[in-house]
2 protein chains.
Amino acid sequence: MTDIMIVAIMRHNRLREMSMDSVCPHNNTFHCGDCRMNALCLPLALQTKEVERLDEIIQRGKPLQKDHHIYHAGEEFNSVFAVRSGSIKSYTISNNGQEQVTGFHLPGEIFGMDGIGQNRYTNSAVAMETSAVCEIPFNRLQDLSIAIPTLQRHFFQLMSLEITGDQQLLSLLSKNTAEERVATLLMSISNRNLRRKLSATRFRLPMSRADIGNYLGLTVETVSRVFSRFQKQTLLKVDKKEVELLNLDKLRELAN
Amino acid sequence: MTDIMIVAIMRHNRLREMSMDSVCPHNNTFHCGDCRMNALCLPLALQTKEVERLDEIIQRGKPLQKDHHIYHAGEEFNSVFAVRSGSIKSYTISNNGQEQVTGFHLPGEIFGMDGIGQNRYTNSAVAMETSAVCEIPFNRLQDLSIAIPTLQRHFFQLMSLEITGDQQLLSLLSKNTAEERVATLLMSISNRNLRRKLSATRFRLPMSRADIGNYLGLTVETVSRVFSRFQKQTLLKVDKKEVELLNLDKLRELAN
DNA sequence: TCAGAAATTTGACCCATATCATGTGGATCT
DNA sequence: AGATCCACATGATATGGGTCAAATTTCTGA
């Protein structure tokens, strides 16, 4: 779920001009039709009438504090989720007790699909900062998918993109150097920000160095060193979690 | 899609006693209802009547020679496939030109789902030995999924299992040693064989050492050395592609 | 606002695996 | 049956990133 996600998003890039301020995310009368993630979230391929039906089944939650879990691995699966604001981390605990970060989810992205296969979540999902998510009960989504074939298709596509994204990550982990891995993550976030009409060059990394390392199969120390090296080569500037990408071409080349 | 696949299969373990000889795989009048993979393939959750409808849309191919490609990355996506006999390898070519093996598919398993997201395959699929596959046109499968909700659900599950399988592989690559990776692959194949009522301890590896290494993020040399070491420790016996697992407990422990 | 904890950075050293090199056996072609 | 090739094995050496240690910065909570 890194680069590949972007493709899906790009294909439906009809973002609204509406700013975040024009809606109240704490308001439960809030609807998909008004959400600024509208065009890159689940409703992306639907007609107004259909969006209303989707709207009916979606439950909007209160803001979640940092470190609040949305679900834990092993719990019964009932819903998938969409990120409305903030950012979410997915991770599993492997049989030998180690955490493995499996994904970072930004606004407009769907997570929780890992639970479908076994009717229980295999990942845990936790808010990396104050966040809001929409809950989509899966049984009702399935029913609606039967009534709205476009939605069925779209959901199949979302899952397929998750598969290809994971496979790209596999390739990254098995063939690329530490620098290439970090550059790839940075470019992925940059691209995803661009799709949301945010800056592609200046942004805040919502995750810790430890999470980055875990996700990329590196130690914290290595991640830190790579950032330092990149900074020395003026590829970017980092100040705590704030990054500014100074040489997109070179970073893109590293990310390949 | 390694270990996790097994879970799906286990949950529907009502294998037929019918032997491979009792059906003719080259015969196009061959039906799902007669296939010995029946109980662990797509029909697994369907009623007899429903299987007949699935049967109608499935196209059975002639045997494929070793190295024959079923599709290439980049080609238009139209169908997913089920392995009837033999074994299939999926792989991608990364941006920097290197091959990345993304999966090995054994009889009863479905592949090609990576193509759904972008309407073109992101992987190439090739027969590792003489094989036969069933082609399932995806549009017709989608239509049928609307008529048979169980099928929709099952297909969602299959895709989800592919996601969780890839995620387990991610964890394996980012956290485990060469020995643990090889042991994990061996146990995965062993378990998948068991589900097909084949020996869990004696089998033929359909893939080369190079493919194993590529899949597990190791070089050929390392794979070869691990096999030698395992043999020295009498965990197994290898002769060319034939393996006999001698100490399942220890291997399982390594695979964790 | 300060103390203690947690996150990040940096350095020194080490090791698992990659790389390079060479050998061997089995398969395929002529 | 010899020649060529390819998969596999094994030894010698190199190295990227891990591990361990310690300093520094940032966060948190009373």
Side-chain angles (χ1 to χ4, degrees), chain A residues 65-68 89 96 98-101 126-130 171-186 204-233 236-243 254, chain B residues 65-67 87 89 96 98-101 126 128-130 171-186 204-233 235-243 254:
Chain A
Q65 297 297 108
K66 177 167 155 64
D67 295 333
H68 181 94
K89 172 179 87 166
N96 54 139
Q98 295 178 91
E99 176 174 328
Q100 169 68 44
V101 174
V126 63
M128 293 192 292
E129 60 191 311
T130 304
S171 180
L172 190 72
L173 295 199
S174 88
K175 308 258 190 295
N176 294 77
T177 64
E179 296 198 351
E180 290 164 342
R181 297 185 207 186
V182 174
T184 301
L185 178 63
L186 289 172
R204 185 171 189 284
L205 293 172
M207 69 293 282
S208 69
R209 300 286 189 272
D211 284 337
I212 293 176
N214 190 308
Y215 179 68
L216 295 175
L218 302 169
T219 58
V220 197
E221 292 95 325
T222 300
V223 173
S224 181
R225 277 186 257 266
V226 169
F227 274 120
S228 300
R229 240 177 288 155
F230 280 175
Q231 196 157 215
K232 224 168 286 171
Q233 302 171 239
L236 49 74
K237 255 191 328 200
V238 265
D239 173 39
K240 174 72 200 144
K241 290 186 191 292
E242 294 295 331
V243 295
L254 277 170
Chain B
Q65 299 295 111
K66 178 169 154 62
D67 295 332
S87 50
K89 173 179 86 169
N96 53 140
Q98 296 179 89
E99 176 174 328
Q100 170 68 45
V101 174
V126 62
M128 293 192 290
E129 60 191 310
T130 304
S171 180
L172 190 72
L173 295 198
S174 87
K175 308 260 190 296
N176 295 77
T177 64
E179 296 199 350
E180 289 164 343
R181 298 185 207 186
V182 173
T184 301
L185 177 62
L186 289 172
R204 185 170 190 282
L205 294 171
M207 69 294 280
S208 67
R209 300 287 189 273
D211 284 337
I212 293 176
N214 189 307
Y215 179 68
L216 296 175
L218 302 169
T219 58
V220 198
E221 293 94 324
T222 300
V223 174
S224 183
R225 278 187 255 266
V226 169
F227 274 119
S228 300
R229 241 176 288 154
F230 280 175
Q231 197 156 215
K232 226 167 284 170
Q233 303 171 239
L235 298 186
L236 49 75
K237 252 189 336 196
V238 264
D239 174 38
K240 173 85 198 136
K241 291 186 190 289
E242 294 296 331
V243 294
L254 277 170

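Chain identifiers are assigned alphabetically (A, B, ...) following the order of the sequence lines, protein sequences preceding nucleic acid strands; residue numbering begins at 1 within each chain.
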Determine: side-chain N/O of A:K240 to OP1/OP2 of C:dT8, distance under 4.0 Å, yes or no. yes

Taking side chain as C-beta onward, heavy atoms only, is A:Q100 less than 4.5 Å from B:S174? yes

Got a donor-acceptor contact below 3.5 angstrom from the B:E179 side chain to the B:L254 backbone? no

Atom CG of B:D239 to atom P of D:dC8: distance rounded to whole Å? 12 Å

Proximal nucleotide (of D:dG17, D:dA9, C:dT17) relative to the B:T177 side chain: C:dT17

What contact category does A:K175 fall into here, base, sugar-phosphate, or nothing, at under 4.0 angstrom with non-hydrogen atoms? nothing

Nearest whole angstrom, please: distance from the P of D:dC8 to the CD1 of B:I212. 8 Å

What's the CZ-C1' distance between B:R209 and C:dG25, to the nearest Å? 14 Å

Phosphate-side-chain proximity, A:T222 and D:dG18, N/O vs OP1/OP2 below 4.0 Å: yes

Rounding to an integer number of Å, can you tell me how far A:D211 CG sits from C:dT8 C1'? 13 Å

Side-chain-base donor-acceptor pair under 3.5 Å for B:E221 and C:dC20: yes

Spatial distance of atom CG (B:L205) from atom CG (B:L185) [nearest 0.5 Å]: 7.5 Å

OP1 or OP2 of D:dG17 sitting under 4.0 Å from any side-chain N/O of A:T219? no

5'-most by nearest nucleotide on DNA chain D - A:R229 or B:M207: B:M207

How close or far is atom P of C:dG26 from atom CD of B:E242, stated in whole angstroms? 15 Å

Do the side chain of B:R225 and the base of D:dG11 come within less than 3.5 angstrom through a donor-acceptor pair of N or O atoms? yes

Backbone of B:V238 reached by a side-chain donor or acceptor of B:Q231 within 3.5 Å: yes

Integer-rounded Å distance: D:dG17 P and A:E180 CD: 9 Å

Among C:dT9, C:dA18, D:dC8, the one nearest any side-chain atom of B:L218 is C:dA18

Side-chain N or O of A:S208 closer than 4.0 Å to phosphate OP1/OP2 of C:dA7: no

Are any side-chain N or O atoms of B:E242 and backbone N or O atoms of B:D239, one a donor and one an acceptor, separated by less than 3.5 Å? no

Across the strands shown, which category fits A:G217 at heavy-atom distances under 4.0 angstrom: base, sugar-phosphate, nothing? sugar-phosphate

Between A:F227 (CZ) and C:dT10 (P), how many Å, whole number? 12 Å

For B:L173 and C:dA16, give me the distance from atom CG to atom C1', rounded to whole Å. 16 Å

